[in-house]
Amino acid sequence: MIDSCAYEAKPLLTVAEALARILAALAPIADTETVTLSAALGRVLAHPVTAQTNLPPERNAAMDGYAFAGADVSADAAVTLQCVGTAWAGRPFQGMLQAGQCVRIFTGAVVPPQADSVVMQEQVRVDGAAVRVPPQPKPGQNVRQAGEDVRLGASLCADHTTLSPADLGLLAAAGVAQVAVVRPLRITFFSTGDELVGLGQALASGQIYDSNRYLLGGLLADPRYQVTDGGVLADDPGQLEAALLKAAATADVLITTGGASVGEADYIRALLAQRGQVAFWKLAMKPGKPLAFGTLAGCHFFGLPGNPLAVMATFRQLVQPGLHCLLGLPYQPPLRLLATCTSLLKKSPGRQEFQCGIFSQAADGSLTVASAGLQGSHVLSTLHKANCYIVLPATCQGVQPGEAVWVEPFNVHS
Ligand SMILES: Nc1nc2c(c(=O)[nH]1)N[C@H]1C(S)=C(S)[C@@H](COP(=O)(O)OP(=O)(O)OC[C@H]3O[C@@H](n4cnc5c(N)ncnc54)[C@H](O)[C@@H]3O)O[C@H]1N2
Ligand code: MOO
Ligand SMILES: [Mg+2]
């Protein structure tokens with residue numbers, strides 16, 4: 001009996017063990033590059049950034065109104081102040097406020113040194129230069145203090161943050177024009193299989209279109225990655241070896257889909273074993289069982305199964321955390337929420353399953369989830385309809401309607 005037909009004698013690796021092995025095997029890349037802030041969205045900050053200025057830099061008004069000294073007004077009675085000038089955003093008041101005086105002020109304008117409070121214009125009565133200020137129970141209000149947002153020297157952004165629009169806003173507010181970021185991870189991916197045909201060609205019998213190329217290409221579309229589409233490779237050991245070794249010369253990570261299982265045209269594991277190292281192959285995961293992970297010619301290697309839903313599941317659960325680890329990002333488990341399942345879910349014990357679901361939230365905030373349809377690992381229409389995984393433990397033997405299940409929404413980014 002040949003090895004590939006041998007019964008699976010030993011228990012398969014769990015998804016958690018596979019993840020732990022991947023994270024342990026991948027050391028963050030150290031290379032950095034400097035980019036302008038406008039090119040930094042979605043990149044990984046390489047070094048912490050501290051504030052070189054207070055935020056706000058100076059005391060300024062939070063409202064359009066009148067600025068005055070708290071000592072000049074009263075908590076119990078209205079007071080009339082004399083308006084002696086205007087403080088505009090970008091054009092501070094140049095004079096000196098005396099006792100009993102105020103200035104017209106607009107939101108964002110520097111509060112004159114002698115003033116400490118701003119009253120909204122809706123609350124005063126103005127008659128020429130006379131401004132009647134109602135009783136002020138809280139002097140000091142409507143003034144943003146210098147440094148109340150961020151103090152000079154305090155941390156603006158920790159290193160190994162993936163820069164979000166909010167992060168860019170904060171860095172720009174502090175005058176940071178460029179940042180050091182981790183260089184993009186160089187990833188080359190291939191589809192493998194004699195049956196695969198490119199779009200635009202007619203299908204002969206036995207052929208299918210190469211959909212993984214678009215599915216995986218889409219999953220890899222990320223400013224943190226520099227992706228090369230290696231195209232389709234035939235189920236031919238010589239061609240696979242030559243193409244993968246060539247790609248390894250310039251990539252950090254190689255990803256293939258297909259040929260990862262035990263069929264006689266499945267060469268990926270054997271190639272990895274002969275020309276590189278297999279860290280693990282096969283895990284107790286559905287879809288995704290024949291995933292191979294290891295190294296080839298100095299590159300990290302993920303051999304994903306060919307079935308499209310297995311590509312998605314292994315990418316989300318294992319490849320993406322690995323890529324994040326190479327970028328130095330701390331591991332963040334996917335967000336999972338408890339929801340009431342409204343469908344009957346079939347499952348045999350043995351593998352942790354990632355079934356495609358459609359979850360929704362009722363007006364009272366409660367979550368329900370239904371099966372998205374047929375769960376075969378080739379059923380792309382189910383994946384298309386789904387907005388989450390229903391994550392079922394290996395031991396689970398099926399779910400009755402009304403039972404609580406864990407749901408992993410698809411569109412939560414890290
Ligand atoms: N005897 C066994 N057979 C299989 C097992 C097993 O344990 N024992 N595992 C099954 C599981 S689970 C999976 S998943 C698949 C994985 O197969 P491979 O990784 O070897 O992939 P292929 O055989 O090349 O293809 C599988 C399937 O996917 C289609 N495919 C492949 N590439 C693409 C592509 N780029 N775009 C669209 N579809 C693609 C291919 O045509 C096949 O239908 O193995 C099971 N078998
Ligand atoms: O693991 Mo396979 O992806 O079940 O079909
Ligand atoms: Mg196969």
Side-chain angles (χ1 to χ4, degrees), residues 1-15 18 188-199 201 203-220 229-237 239-240 243-244 254-272 278 280-294 301-319 346-356 374-384 389 391-392 394:
M1 187 190 287
I2 61 168
D3 174 58
S4 65
C5 290
Y7 182 72
E8 252 140 29
K10 56 179 185 187
L12 294 173
L13 209 59
T14 66
V15 178
T188 302
F189 74 100
F190 297 91
S191 298
T192 75
D194 287 344
E195 72 279 34
L196 303 176
V197 172
L199 300 182
Q201 296 179 48
L203 292 183
S205 175
Q207 294 183 323
I208 59 167
Y209 290 116
D210 174 11
S211 58
N212 285 347
R213 176 183 210 158
Y214 298 91
L215 172 62
L216 183 56
L219 291 167
L220 288 169
D229 177 349
V232 177
L233 302 178
D235 291 321
D236 174 84
Q239 195 199 336
L240 286 166
L244 291 170
L254 298 178
I255 306 177
T256 55
T257 67
S261 189
V262 293
E264 289 184 21
D266 294 339
Y267 296 108
I268 292 297
R269 191 201 80 106
L271 173 62
L272 205 56
V278 181
F280 68 77
W281 175 56
K282 288 198 189 170
L283 64 163
M285 173 178 187
K286 187 174 179 184
K289 179 179 164 191
L291 175 73
F293 171 66
F301 189 98
F302 292 93
L304 274 47
N307 282 312
L309 273 65
V311 171
M312 171 90 164
T314 51
F315 185 87
R316 280 185 61 98
Q317 302 305 322
L318 297 158
V319 180
K346 289 191 186 152
K347 181 183 179 300
S348 318
R351 293 194 266 167
Q352 185 177 12
E353 279 196 24
F354 297 84
Q355 296 201 4
C356 287
L374 290 174
Q375 296 293 331
S377 59
H378 60 297
V379 187
L380 272 163
S381 65
T382 295
L383 183 59
H384 154 78
Y389 278 135
V391 184
L392 301 175

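Not measured: the values here are computed from a predicted model. Both ligands and their constituent atoms are indexed starting at 1 by order of listing. This chain uses plain numbering: 1 for the first residue, then up along the sequence.
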| query | At the 4.0 Å heavy-atom cut-off, does Gly263 count as touching ligand 1? | reply | no
| field | Where ligand 1 meets Gly258 - atom numbers and elements under 4.0 angstrom, heavy-atom basis | value | 19 (O), 21 (O), 24 (O)
| field | Proximal ligand 1 atoms for Glu195, defined as those under 4.0 Å from one of its heavy atoms | value | 31 (C), 40 (C), 41 (O)
| said: According to ring pair (Phe, Tyr, Trp, His ring centres under 6.0 Å), who are the partners of Tyr267, at least two apart in sequence or on a separate chain? | reply: none
| field | The one among Ile208, Asp194, Val262 that brings a heavy atom closest to atom 3 (N) of ligand 1 | value | Val262
| request: Please identify which atoms of ligand 1 are closer than 4.0 Å to at least one heavy atom of Asp210. | output: 34 (C), 35 (N), 36 (N)
| query | Quick check: does Lys289 get an N/O under 3.5 Å from an N/O on ligand 1? | reply | yes
| task | Apply salt bridge (Lys or Arg N to Asp or Glu O under 4.0 Å) to Arg351 and list each qualifying residue two or more places apart in sequence or on a separate chain. | result | none
| message | I need the atoms of ligand 1 closer than 4.0 Å to a non-hydrogen atom of Asp266, numbered in the order shown. | response | 20 (O), 23 (O)
| request: Compare Thr257, Leu380, Leu215, Asn307 and give the one whose heavy atom is closest to atom 43 (O) of ligand 1. | output: Asn307
| said: Is it the case that ligand 1 has an N or O less than 3.5 angstrom from some N or O of Gly306? | reply: yes
Show me a pair-per-line table, with atom names and distances to 0.1 Å, of protein N or O atoms that are under 3.5 Å from an N or O of ligand 2.
residue	atom	partner	partner atom	Å
ligand 2	1 (O)	Gly288	N	2.5
ligand 2	1 (O)	Lys289	N	2.9
ligand 2	1 (O)	Arg351	NH1	3.2
ligand 2	3 (O)	Gly288	N	2.8
ligand 2	4 (O)	Arg351	NH1	3.4
ligand 2	5 (O)	Asn307	ND2	3.4
ligand 2	5 (O)	Ser377	OG	2.4

| task | Give, for atom OG of Ser261 and atom CG of Leu291, the distance between the pair rounded to the nearest 0.5 Å. | result | 11.5 Å
| remark: The number of protein N, O or S atoms lying under 2.8 Å from the Mg ion (ligand 3) is 2
| About how many Å separate OG1 of Thr256 and CG of Leu271, when rounded to the nearest 0.5 Å? | 9.0 Å
| Within the structure, does Ala260 bring an N/O atom to less than 3.5 angstrom of an N/O atom in ligand 1? | yes
